[in-house]
Structure formats: C-alpha cells, structure tokens
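Counting begins at 1 with the first residue of the sequence. All ligand and atom numbering here is 1-based and tracks the order in the structure.
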Amino acid sequence: MTNDYKFKFRPYQRRFLRSLTTNHGKWDIREGIILRLTDESGKVGWGEIAPISWFGSETLEQALDFCRQLPGEITEKTIFSIPDELPACQFGFESAWEMGSGEWGVGSEGDEGDEGDNLITSNSSLLYSALLPSGEAALNQWQTLWEQGYRTFKWKIGVGAIADELKIFESLIHTLPAFNKLRLDANGGLSYEEANLWLQTCDNLKANGELALEIEFIEQPLPVEQFQEMLKLSLSYETAIAIDESVATLGQLAACYQQGWRGIFVIKPGIVGSPSRLRKFCHQHQIDTVFSSVFETAIARQAALQLAAELSRNNRAIGFGIDHFFEQEETWFQTLWNDL
Ligand code: MG
C-alpha cells in the first residue's frame with residue numbers, strides 16, 4: 001500500500017438472537033464501526049472498531065468522535081499514532097491497514113458484493129470454544145453445539161446465586177461427554193469466599209477422579225481491583241485461573257505480567273489495542289494465551305483469528321464459538337455497504 005488512504009466508515013448495529021447475560025448485565029445490541037481504507041492503487045483494507053466500554057475499551061461514542069474528526073484521506077502516521085485511550089480504534093485501523101497491505105488478503109474497490117463472502121473464512125488449525133447460555137439453559141444447549149463439533153465449552157458463573165449455580169454445574173459436568181473441556185467465566189463477579197469455593201469444588205472433583213471432562217480454568221473470578229487476591233488464588237489451587245477483564249488492553253497486559261501473573265491471559269484482539277504491539281509482547285514473553293471474541297463481525301474476526309493463529313500456544317481453544325448468537329452474516333454485511 002502506498003502512503004495515503006481514502007478513509008470511509010459506517011456505524012452498525014446487530015441484534016443478538018438472544019440477549020447475552022453476564023455479571024455485567026444484559027446485552028441486546030452489538031454496536032460498532034466498519035471502516036475502509038483504499039490506497040492510491042485502489043487496494044482496499046477493511047477494519048472494524050468493536051468497543052466494549054464496560055470491559056475497559058473506549059466507548060462507541062469516543063470511537064465515532066475519533067472517526068468523525070479524521071479527514072477523508074489519512075496516512076500511516078495517523079494509523080500508528082492513535083492514542084492508547086482508543087484501543088479498539090488502534091485495532092480497527094491497524095488491521096485494515098495490514099489487510100490492505102496485502103499480508104493476508106486483498107480486495108479492491110468495486111467488487112463489494114464479494115467482500116462479505118471473502119471475509120468469512122475459518123482457520124482450520126484453530127480449535128473453537130463454544131459459549132453456553134448462562135443458567136440452566138446450558139443443560140439444554142450443549143448437545144446442539146457438541147453435534148456441531150465443539151469440544152470446549154464456556155459457561156458463565158457469578159450470574160445467579162452460587163448455591164444454584166453449583167447445582168447446575170454438578171449436572172453439567174455429569175452430562176457433558178468425557179474428554180471435553182469446560183471453562184467457567186465469572187466476569188469478576190465472585191467474592192473472595194465464593195472464588196475459593198468454586199476453586200475448591202473443582203480441585204475436589206479432580207482429586208476424587210469424578211471427572212470425565214476437564215475443567216480447563218476459571219476465568220476472572222474476582223473484580224479487576226482484586227488482582228493481588230487472584231494472584232494468591234492462582235498459587236493456591238490446582239485449577240488454573242485465566243484473567244480477562246484484568247487484561248483488556250495492552251497496558252494492563254504488561255502491568256499484570258510485571259506484577260507476576262504467569263497464569264492464563266485471555267486476549268480480546270478487538271479491544272486490546274495495536275496488533276503489532278501485541279505480537280511483540282507475546283513473542284517477547286511467551287505468555288499462555290486464550291484468544292477471545294468481542295462479538296465482532298466477520299471483519300474484525302478475521303483479523304483476530306489471524307493473530308490467534310500466529311500467537312496461540314498450548315493448543316487452547318479460542319473463544320470465537322459465538323455464531324449462534326447472531327443472524328446470518330452475509331446478508332447483514334451487504335446491507336450495510338450496498339448504499340455506500
Ligand atoms: Mg471472560
């Protein structure tokens with residue numbers, strides 16, 4: 001790609017087929033921005049800004065303000081000097097730039113009709129983890145996902161009362177087939193006592209040889225402010241802990257590493273920040289990572305999967321098994337861009 005890029009952007013909204021319930025509350029509509037960079041030769045790079053402000057990124061409004069104040073033509077310098085307070089923008093612009101520079105896929109202006117299809121690619125070397133619905137609904141839905149080929153499942157905890165969740169958990173682990181993996185994601189919603197209880201329960205099940213499946217880890221048991229407690233928990237139990245909300249952005253990732261975290265890091269490329277700086281950090285420190293979705297569209301997903309394929313270690317499934325939360329993507333994408 002040459003140095004100047006025509007820049008266009010378009011906000012989008014996508015409704016979840018069923019609302020997503022986590023400890024942060026209910027989420028019904030995913031909003032974001034699709035952007036397009038076109039270089040002087042006509043090469044096109046697509047990018048997506050998909051913020052989750054309650055998770056630690058900028059807000060959609062801040063991202064929109066940033067896009068609105070940019071001129072219709074931008075340079076590489078613009079792309080690589082986006083401030084750290086706009087991590088989802090850093091990801092969206094830099095991945096569009098990478099795509100346009102031909103590293104892993106090109107498009108050209110004028111054949112937008114095909115773009116949507118070209119963007120929906122899957123990387124066969126990656127294993128996927130499927131997100132189960134929270135609460136008891138998980139007991140009814142795992143089978144459909146299992147039939148689709150998923151062998152790693154994630155279930156949200158810290159949503160209901162712990163006594164109820166432990167009961168459902170008990171049913172779930174005895175229902176899921178052997179050799180599958182289960183991740184429990186609390187989204188920071190447990191108290192220190194509850195986190196101990198979950199970890200002890202998982203350790204006991206393992207020690208008793210009762211488990212045919214593997215509890216892979218408990219994700220973000222405590223709120224971000226309680227990092228030291230999580231560090232302590234990670235050294236006290238067999239069951240692994242992954243941090244997610246604690247490492248939403250590159251700055252936090254580096255800070256947790258420096259404070260001694262050697263457990264699992266969940267990385268959401270869509271909001272973590274600059275892809276090139278993420279690569280550098282992962283190569284330098286060889287951290288144990290799980291890559292995960294921010295409920296982005298196929299555009300950000302392709303860039304995120306590219307990073308996951310490059311940087312994943314320990315054969316961990318990636319958290320992109322979320323297709324069942326949205327309607328078919330192709331129609332949606334073409335509607336968004338047809339009138340541009
Ligand atoms: Mg999580």
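Counting only distances under 2.8 Å, and ignoring water, the protein N, O or S atoms around the Mg ion (ligand 1) are Asp185 OD2, Glu219 OE2, Asp244 OD2.
Ring pair Phe9/Phe93: centre-to-centre distance not below 6.0 Å.
Residues that satisfy the salt bridge (Lys or Arg N to Asp or Glu O under 4.0 Å) test with Asp84, not counting sequence neighbours, are Arg277.
Annotation: side chain of Glu216 is not in contact with side chain of Ile264 (no heavy-atom distance under 4.5 Å).
In this structure, Glu310 pairs ionically with Arg279, as a charged nitrogen and a carboxylate oxygen lie closer than 4.0 Å.
Thr297 and Glu48 are linked by a side-chain donor-acceptor pair at a separation below 3.5 angstrom, with hydrogens and angles left out of the test. Side-chain N/O atoms of Thr239 and Asp203 include a donor and acceptor closer than 3.5 Å.
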